[in-house]
Amino acid sequence: GTARDQLLGAEAVDFVPKEERDTWWTELEAISEGEDGRRFSTSLSDGRGGRVPVEASVTRFSTRRRTLALVMARAANKPRR
């Protein structure tokens, strides 16, 4: 896990592996341009730097001055081989 003190002040992108960041930006840009909710497969970094496969969904909430994104990510249930 990640210690509470490490979470405070951290940017959300710090938990996205560099190889996955383009995917995240693509999904967030689509939401900011008015698309409805989206789902995608990706991964996040855990507190030890390991990768955790997740299924993510992103939706938008618009106010008068800005668009906010709500992202939910759940561990991917991939069958073991």
Side-chain angles (χ1 to χ4, degrees):
T2 302
R4 181 178 181 268
D5 291 342
Q6 288 178 311
L7 290 174
L8 298 174
E11 298 285 332
V13 73
D14 294 342
F15 299 95
V16 177
K18 289 181 182 177
E19 305 81 31
E20 298 285 343
R21 290 182 183 174
D22 284 343
T23 298
W24 282 84
W25 286 121
T26 299
E27 298 299 334
L28 292 170
E29 284 177 10
I31 288 295
S32 72
E33 293 172 2
E35 288 198 30
D36 290 332
R38 298 171 62 90
R39 294 176 184 261
F40 58 103
S41 297
T42 186
S43 62
L44 293 172
S45 297
D46 65 15
R48 292 178 231 126
R51 292 175 72 132
V52 178
V54 297
E55 296 296 324
S57 63
V58 60
T59 57
R60 63 186 295 226
F61 176 77
S62 295
T63 65
R64 290 183 186 159
R65 291 186 271 172
R66 57 172 55 179
T67 299
L68 305 174
L70 172 63
V71 178
M72 297 197 47
R74 294 187 177 143
N77 293 326
K78 294 190 178 183
R80 294 184 182 227
R81 295 179 189 189

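These numbers come from the heavy atoms of this one structure, side chains and all, not from hydrogens, waters or symmetry mates.
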Of the non-hydrogen atoms in R38 and D36, which two are nearest, and what is the gap between them?
CG-O, 3.4 Å
What is the minimum heavy-atom distance between S43 and P17, and which atoms define it?
O-CD, 3.3 Å
To the nearest 0.5 angstrom, please state how far the CZ atom of F15 sits from the CG atom of L44.
9.5 Å
To the closest 0.5 Å, what do you measure between CE (M72) and CD (E55)?
13.0 Å
According to side-chain contact (heavy atoms from CB on, under 4.5 Å), who are the partners of [X], at least two apart in sequence or on a separate chain?
X   : value
F40 : T23, W24, E27, T42, A56, V58
E33 : none
T59 : L70

Not counting sequence neighbours, which residues clear salt bridge (Lys or Arg N to Asp or Glu O under 4.0 Å) with E19? List them please.
R51
Residue pairs passing the salt bridge (charged side-chain N to carboxylate O under 4.0 Å, His left out) test with at least one member in residues 57-69, sequence neighbours excluded, are none
Salt bridge (charged side-chain N to carboxylate O under 4.0 Å, His left out): which pairs involve residues 5-15, sequence neighbours left out?
none
Test of understanding: clusters of I, L, V, M, F, W, Y form through side-chain heavy atoms closer than 4.5 Å, transitively. Do L28 and L68 belong to the same one?
no
